[in-house]
Amino acid sequence: RRHPLYFSQVVNGISVIGSGYNVAVTNDGSIYFVSGDYYPDVNIDTKPSFSSNSIIELIKKDLDTIQNLKIDNPELFIFPEGLNSEIKFRIVYVTTVRADKPLTALKYTIDANSGEVLSKDELINSENKTMPGTTELIIFLCIAALPIVGIIGIVATIVILTKRKK
């Protein structure tokens, strides 16, 4: 049996996006495999110019037409940009924003020093208002539940969910 471990690269208490190592260790303590990435020269001031509260206010202004926003507490990360020797680092806030009407789920990445929105990714499929991967999750859950509810229960669940989507 293997035990997965993950080690993320952290600089001054802030994780570096996309950097870390996956390690699988066997029961006897042997290392089965190691894979990952590491940035050796992360030279960046990790003190942000904007507070997390300021970032929340920026998001509220950006989404001023949407009521009842639920904004997760923005988390600081170090964001590498570029390729090979041209890599530069930014300190960024990442947070998720949700609302019921209209149905909204967004992931924001915002520069912690300039307040620039680097990305605003939709987490809901805008055509049918479902989360990405919903079909795959339903299929997985159906397969996992097969021994418990039997094939008839699984087929009934899929028919109900399919009709609900239309």
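Quick caveat, the model's predicted, so the values are computed rather than measured.
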Go through the structure and list residues passing side-chain contact (heavy atoms from CB on, under 4.5 Å) with N27, not counting sequence neighbours.
R1, H3
List for me each residue that meets side-chain contact (heavy atoms from CB on, under 4.5 Å) alongside S54, sequence neighbours excluded, and say none if there are none.
F50, S51
Please report the closest heavy-atom contact between [X] and [Y], naming both atoms and the distance.
| X | Y | answer |
| --- | --- | --- |
| K101 | I66 | O-CG2, 4.3 Å |
| I55 | P74 | CG2-CG, 4.1 Å |
| S52 | N73 | OG-OD1, 4.0 Å |
| D100 | K70 | OD2-NZ, 3.4 Å |

Would a 4.5 Å heavy-atom cut-off, applied to side chains only, mark [X] and [Y] as touching?
| X | Y | result |
| --- | --- | --- |
| I91 | L76 | yes |
| I17 | P80 | yes |
| N22 | P4 | no |

Residues I44, I14; criterion side-chain contact (heavy atoms from CB on, under 4.5 Å); working and verdict
CA-CA 11 Å; I44 186 170; I14 302 173; over 6 Å; no
Report the residue from L63, V97, L106, T96 that forms a side chain to side chain contact (heavy atoms under 4.5 Å, CB included) with I71.
V97
Same cluster or not: are I87 and V10 linked, directly or through other Ile, Leu, Val, Met, Phe, Trp or Tyr residues, by side-chain heavy atoms under 4.5 angstrom apart?
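Different hydrophobic clusters.
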Joint hydrophobic cluster, L69 plus Y93, side-chain heavy atoms closer than 4.5 Å
yes
Does anything in residues 76-98 form a salt bridge (Lys or Arg N to Asp or Glu O under 4.0 Å)? List the pairs, not counting sequence neighbours.
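Qualifying pairs: D72-R98, E81-R90, R90-D111, R90-E116.
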Within residues 50-64 or reaching into it, pairs that qualify as salt bridge (Lys or Arg N to Asp or Glu O under 4.0 Å) - sequence neighbours excluded
E57-K60, D62-K120
To the nearest 0.5 Å, what is the distance between OG1 on T95 and OH on Y108?
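It comes to 10.0 Å.
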Quick check for you: to the nearest 0.5 Å, what is the distance between L118 atom CG and I110 atom CD1?
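So the gap between those two atoms works out to 8.0 Å.
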When you measure from the side chain of N113 to the backbone of S49, do you find a donor-acceptor pair of N or O atoms at a distance under 3.5 Å?
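Between the backbone of S49 and the side chain of N113 there is a qualifying donor-acceptor contact (under 3.5 Å).
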Inter- and intrachain pairs under side-chain hydrogen bond (donor to acceptor under 3.5 Å, both in side chains), touching residues 35-44, at least two apart
none
Within a reach of under 6.0 Å around CG of L5, are more than 12 heavy atoms found that belong to other residues, nucleotides or ligands?
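Yes, because the 6.0 Å sphere around CG of L5 holds more than 12 heavy atoms from other groups.
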Evaluate whether atom CG of N68 has more than 12 neighbouring non-hydrogen atoms of other residues, nucleotides or ligands under 6.0 angstrom away.
no
Show me the pairs that pass ring-ring contact (aromatic ring centres under 6.0 Å, His included) and involve residues 6-34, at least two apart or across chains.
none
